[in-house]
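Worksheet: the structure to be examined is printed underneath.
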Amino acid sequence: MSKPSLTAVVMAAGKSTRMKSRLPKPLHPLCGKPLLSYVLDACLQAGCSRLIVVVGHEAERVQEMFHGQCEFVLQEQQLGTGHAVMVTQPALQNYQGDLLVLPGDTPLIDGHTLQTLVEHHQRTNAVATLLSAVLPHDAGMYGRVLRDSFGNVLGIVEAKDASPEQLAVREINTSIYCFKAPALFDALQRLRPDNAQGEYYLTDVIGLFTQEGRKVEAVVADDWQVTLGVNTRVELADVASRLRWRIMERLMLSGVTIVDPASTYIDADVQVGQDTTIYPNTYLLGSTVIGEECQIGPMARIENSQLGDRVTVLASQVVESTLDDDVRVGPFANLRPGTVVGKRSKIGDFVEVKNAVIEEDVSMAHLTYVGDANVGAGTNIGAGTITCNYDGNRKHRTVIGKGCFIGSHATLIAPVEIGDGAYVAAASPVNQNVPPDSLAIARCRQEVKEGWAKRRREQSSSEG
Ligand code: UD1
Ligand code: MG
């Protein structure tokens, strides 16, 4: 038998007043992705075939970011969570199935927890099933789940409306529910905003159902952490640290050594191969993919980059770059977007590379800037070499062939080409192409004045 269809309604229209931010809460970054994306991923993992996101505050920005990933319903005025679901009714007019309703601000929720909720709901044939959690600490501003002496759910009371006895309840409402859709929309019409915040509370639907004697169930989350909501930046930081731990736990269990998880920051989508070691104070960001047996850090920052196997990156930054197997980077290198480095090449200290293809077995070990350039296989770039790529108006390319030797402190004034196997003498400014296998030398001949220094010393001591 195929599974009944499941639709999710994600409430993400609120003003997020407590974030005190110009950026709408669903778009706040969390381990490299916007907050809301985690909730949508969990819904997909739980088998939802339709995702409806309620947008309102800064709706256009949210819609732009999630374009093509879900449907949107506009809640023009944010009159509360009950109202947020109410406005989805036209989009769900003929829908008779179950509705998973959840807030856009619980990013640690996972597909497994949602599935458990839905399965319980369907097995018990309840009209509504809520996901609750028992926190190990004070429940703060969460809504409290009220039960009778037999343990049956009676309703939910918001912290702002609760009595001191109700506030002492440790079981909280996670704001994640499964409803029979027709019954939900029927109950929503009966909501009244007679509470401390003057809002239509979705939570009141639970009380309405129990008063009518309809079956309401609650599933207590196995792990309370997955239900944490983000309402302030303090909660955002707390959730981020838990999420980071989860990400690193997964990597460590798959064979990655992370020397100090407390000082390591790895985004959700980063992939790291087996037997790679990540040293402290390291950031692996965005869509970065790292191969096997690499040594990363200490103090590396790698963003949206691809690294092969056995790559070393020590105390360096690598952004939107591709490093092939056995490449060594750092310490103190800066690889900017568009850098491609071939097998076994070495990019050493105080080297900056941008928009450049460096082939295999190249060495640029110290104090160099290579921008808008190609460097052929086996070439050696001496310390202090600079590609002058910018003429004040435009950028130009420097093309260095295979097996070249560029002496220290060469100044390569683009556009310029150095042929395969050519030499450039140290300290030469080069602005004309150098044919293959030749030597370019462009500097004044050295003059030596023998005895000059001695004579100068004797002259100044006789004057003194
Ligand atoms: C809500 C619950 C509370 C629960 C907590 C769990 C209510 C009344 N309270 O409180 O019981 O313990 O979540 O995290 O439901 N939203 C809209 N439109 C609105 C108002 C809110 O879309 O008009 C969205 C928000 O953007 C947010 C979600 O609904 O994503 C929840 O709203 P929020 O203000 O964060 O509610 P809480 O105070 O956290
Ligand atoms: Mg909230």
Side-chain angles (χ1 to χ4, degrees), residues 8-19 21 23-28 30 34-40 43 52-59 61-63 66 72-88 101-109 128 130-135 138-146 153 155-162 166-167 169-177 179 184 188 191-208 218 221 224-236 238-239:
V9 167
V10 180
M11 304 174 287
K15 291 188 199 69
S16 349
T17 321
R18 288 166 281 176
M19 291 296 282
S21 176
L23 189 67
K25 183 159 72 175
L27 302 189
H28 267 264
L30 175 67
L35 209 81
L36 179 61
S37 68
Y38 292 91
V39 177
L40 298 183
C43 291
I52 299 174
V53 175
V54 183
V55 290
H57 176 64
E58 298 275 10
R61 292 173 77 181
V62 180
Q63 279 171 281
F66 290 94
F72 300 98
V73 168
L74 186 65
Q75 185 194 18
E76 272 176 41
Q77 277 185 295
Q78 289 83 53
L79 303 179
T81 46
H83 182 252
V85 180
M86 237 183 267
V87 299
T88 66
V101 176
L102 61 172
D105 66 353
T106 53
L108 298 183
I109 193 66
L130 61 97
L131 181 71
S132 71
V134 179
L135 301 182
D138 178 74
M141 295 311 289
Y142 286 101
R144 310 299 204 263
V145 177
L146 306 178
V153 174
I156 297 166
V157 62
E158 287 305 288
K160 284 187 180 154
D161 303 298
Q166 290 170 331
L167 282 178
V169 171
R170 276 286 177 86
E171 185 182 10
I172 60 131
N173 170 38
T174 64
S175 209
I176 298 172
Y177 320 80
F179 292 105
L184 171 63
L188 285 172
L191 286 186
R192 294 288 166 263
D194 48 3
N195 50 57
Q197 304 190 84
E199 290 183 356
Y200 293 91
Y201 285 169
L202 179 58
T203 46
D204 286 349
V205 163
I206 301 298
L208 287 178
W224 56 273
Q225 298 184 74
V226 305
T227 71
L228 290 172
V230 172
N231 299 299
T232 66
R233 298 198 202 216
V234 177
E235 288 170 343
L236 179 64
D238 176 54
V239 160

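Atoms within a ligand are numbered from 1 in the order they appear, just like the ligands themselves. Every heavy atom of this structure was used, including side-chain atoms; hydrogens, water molecules and symmetry mates were not. For this chain, numbers begin at 1 and follow the sequence in order.
Residues Ile156 and Tyr201 form no side-chain contact, since every pair of their non-hydrogen atoms from C-beta on lies 4.5 Å or further apart. Between Pro34 and His28 the shortest side-chain heavy-atom distance does not fall below 4.5 Å. Between Leu135 and Ile172 there is a side-chain heavy-atom pair separated by less than 4.5 Å. Put simply, the side chain of Phe179 reaches to within 4.5 Å of the side chain of Val205, judged on heavy atoms. Using a 4.5 Å cut-off on side-chain heavy atoms (C-beta onward), Ile176 and Thr106 make contact. Annotation: side chain of Leu36 is in contact with side chain of Val10 (closest heavy-atom distance under 4.5 Å). Between Tyr177 and Val9, every side-chain heavy-atom pair lies at or beyond the 4.5 Å cut-off. Contact check for Leu27 versus Phe66: side-chain heavy atoms found under the 4.5 Å cut-off.
Within the 4.0 Å heavy-atom cutoff, Gly104 counts among the residues contacting ligand 1.
When Thr106, Val62, Asn173 are checked for heavy-atom proximity to atom 12 (O) of ligand 1, Asn173 turns out nearest. Between Ala133, Gly56, Gly80, it is Gly80 that holds the heavy atom closest to atom 19 (C) of ligand 1. Considering each of His83, Met141, Arg18, Gln77, the one bringing a non-hydrogen atom nearest atom 38 (O) of ligand 1 is Arg18.
Put simply, CD on Glu199 and CD on Glu158 are 8.5 Å apart, with the number rounded to the nearest 0.5 Å.
Heavy-atom contacts of Lys25 reach the following atoms of ligand 1: 35 (O) (cutoff under 4.0 Å). Per-residue contacts place Thr81 under 4.0 angstrom from the following atoms of ligand 1 (heavy atoms of the residue considered): 7 (C), 8 (C), 15 (O), 20 (C), 21 (C), 29 (O), 31 (C), 32 (O). Each of the following atoms of ligand 1 lies closer than 4.0 Å to a heavy atom of Gln75: 17 (C), 18 (N), 19 (C), 22 (O), 23 (O). Counting the atoms of ligand 1 from 1 in the order shown, those under 4.0 Å from a heavy atom of Leu79 are 23 (O). Interface atoms of ligand 1 facing Thr174, defined by a heavy-atom separation under 4.0 Å, are 6 (C), 14 (O). The distance from ligand 1 to the heavy atoms of Gly143 drops below 4.0 Å at these ligand atoms: 3 (C), 4 (C), 11 (O), 12 (O). Close contacts between ligand 1 and Asn231 involve ligand atoms 35 (O), 39 (O) [criterion: under 4.0 Å to a heavy atom]. Near Ala84, with a cut-off below 4.0 Å to any heavy atom, the atoms of ligand 1 are 17 (C), 18 (N), 22 (O).
The distance from the Mg ion (ligand 2) to the nearest N/O/S atom of Thr106 is not under 2.8 Å.
Counting only heavy atoms of the protein, atom 30 (O) of ligand 1 lies nearest to Met11 O, 2.8 Å. Atom 1 (C) of ligand 1 has its closest protein heavy atom at Ser175 OG, 3.9 Å. For atom 25 (C) of ligand 1, the closest non-hydrogen atom of the protein is Gly14 N, 3.7 Å. The protein non-hydrogen atom at the shortest distance from atom 22 (O) of ligand 1 is Ala13 N, 2.8 Å.
In Thr227, neither the side chain nor the backbone holds a heavy atom less than 4.0 Å from any atom of ligand 1. Residue contacts with ligand 1, taken as heavy atom pairs separated by less than 4.0 Å, involve Glu158 solely via side-chain atoms from C-beta onward.
Closest approach of Arg144 and Gln166 over heavy atoms only: CG-O, 3.4 Å.
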Worksheet item: Could you walk me through whether Ser175 and Met11 pass the side chain to side chain contact (heavy atoms under 4.5 Å, CB included) check?
Response: CA-CA 10 Å; Ser175 209; Met11 304 174 287; 3.9 Å; yes

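Among heteroatoms of the N, O or S kind in Asp105, OD2 lies nearest the Mg ion (ligand 2).
With hydrogens and angles disregarded, no donor-acceptor distance shorter than 3.5 Å links the side chain of Ser16 to the backbone of Met19. When atom types are taken as modelled, the side chain of Asp194 and the backbone of Gly198 share no donor-acceptor pair closer than 3.5 angstrom.
The shortest N/O to N/O separation between Asp105 and ligand 1 falls below 3.5 Å.
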